[in-house]
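Remarks on the structure that follows.
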Amino acid sequence: KKGYTNLLNFRCKLIEYVVKRMNCHEKYRNKLFYNYLYAAVQCMPYNIAEERARQLNNEFSEPLKEYEVQSICAALRDNSLFEANKTFQELKRYKQSTWLSFFNEVPKFMEYYNDFQEMRRAYAEERKMMKRAQVVENHQKEKNNRNDEVKRLSLAGFCKAEIARIVGI
């Protein structure tokens, strides 16, 4: 479940990334909007997904009209409308490879996809290094605290055996 949620979040972020970088024609806008909303409602609360989809719609050079957005959102809320909507029925069957091929005709989509993947890899690497640096820093702080405690106990007149037992070394 978590892996699928991550995939859906990835799809949302990718579509946001693509929309901000390209001037979408109407037929691409519709595909991107449907895909975005369908992924969003599965990985976040419905009201947040709808709000973010509306924000995405405003990023398009020619946004969908408000009644169109309301209609699409209503189709996702109402199961009977969802079952009747052919676009959403097609989206239900997509694996990642099929989902990506859905956008082959969108100009530069795969180029943006590769750029986005590279950015994610770089970010993950950076986070990994940050985590490692944090671990090293925490270890150094613990060591310094332990050494300070040893000095304090030594000045207080404890013998080495008692200090080792108290400090736990």
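Count residues from 1 along the sequence.
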query: Taking all non-hydrogen atoms of both residues, which atom of Cys43 and which atom of Asn9 are closest, and how far apart?
result: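 It is SG-OD1, 3.4 Å.
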Donor-acceptor contacts, no H, no angles, side chain residues 48-55, under 3.5 Å, sequence neighbours left out:
residue : atom : partner : partner atom : Å
Glu50   : OE1  : Arg77   : NH2          : 3.2
Glu50   : OE2  : Arg54   : NH2          : 2.8
Arg52   : NE   : Tyr36   : OH           : 3.4
Arg52   : NH2  : Glu16   : OE2          : 2.9
Arg54   : NH1  : Glu66   : OE1          : 3.2
Arg54   : NH1  : Glu66   : OE2          : 2.3

So, using salt bridge (charged side-chain N to carboxylate O under 4.0 Å, His left out) as the criterion, who are the partners of Glu118 when residues are at least two apart?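 So Glu118 forms a salt bridge (charged side-chain N to carboxylate O under 4.0 Å, His left out) with Arg121.
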| Can you name the salt bridge (charged side-chain N to carboxylate O under 4.0 Å, His left out) partners of Lys141, sequence neighbours left out? |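 Result, salt bridge (charged side-chain N to carboxylate O under 4.0 Å, His left out) vs Lys141: Glu137.
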- prompt: Atom CG in Asn35, atom NZ in Lys31: separation rounded to 0.5 Å?
  reply: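 NZ of Lys31 is found 9.0 Å from CG of Asn35.
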* Does Phe116 have any ring-ring contact (aromatic ring centres under 6.0 Å, His included) partners at least two apart in sequence or in another chain, and if so, which? ->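 Result, ring-ring contact (aromatic ring centres under 6.0 Å, His included) vs Phe116: Phe10, Tyr17.
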Is Arg29 reaching over with its side chain to a backbone N or O of Glu62, donor-acceptor style, under 3.5 angstrom?
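Answer holds: yes.
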Task: Donor-acceptor under 3.5 Å (Asn57 side chain, Leu64 main chain) - done: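 Yes; at least one donor-acceptor contact below 3.5 Å.
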**Request:** Not counting sequence neighbours, which residues clear side chain to side chain contact (heavy atoms under 4.5 Å, CB included) with Gln140? List them please.
**Result:**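 By the side chain to side chain contact (heavy atoms under 4.5 Å, CB included) rule, Gln140 matches Lys143, Asn144.
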Compile the donor-acceptor pairs under 3.5 Å between side chains in residues 157-169 and protein atoms, sequence neighbours left out, one pair per line.
residue : atom : partner : partner atom : Å
Glu162  : OE1  : Cys159  : N            : 3.1

- Item | Results of side chain to side chain donor-acceptor pair (under 3.5 Å) for Asn138 - residues two or more places apart only |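 Result, side chain to side chain donor-acceptor pair (under 3.5 Å) vs Asn138: Gln134.
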Review point. Among the clusters formed by ILVMFWY side chains lying less than 4.5 Å apart, do Val69 and Leu37 turn up in the same one?
Key: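 Looking at the clustering, Leu37 is in the same group as Val69.
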Residue pair Phe33 / Val19, side-chain heavy-atom distance below 4.5 Å |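 No. Closest side-chain heavy atoms not under 4.5 Å.
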Keeping to residues at least two apart or across chains, list the side chain to side chain donor-acceptor pair (under 3.5 Å) pairs with something in residues 150-159.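 Applying side chain to side chain donor-acceptor pair (under 3.5 Å) to every pair that reaches into residues 150-159, excluding sequence neighbours, yields Glu149-Arg152.
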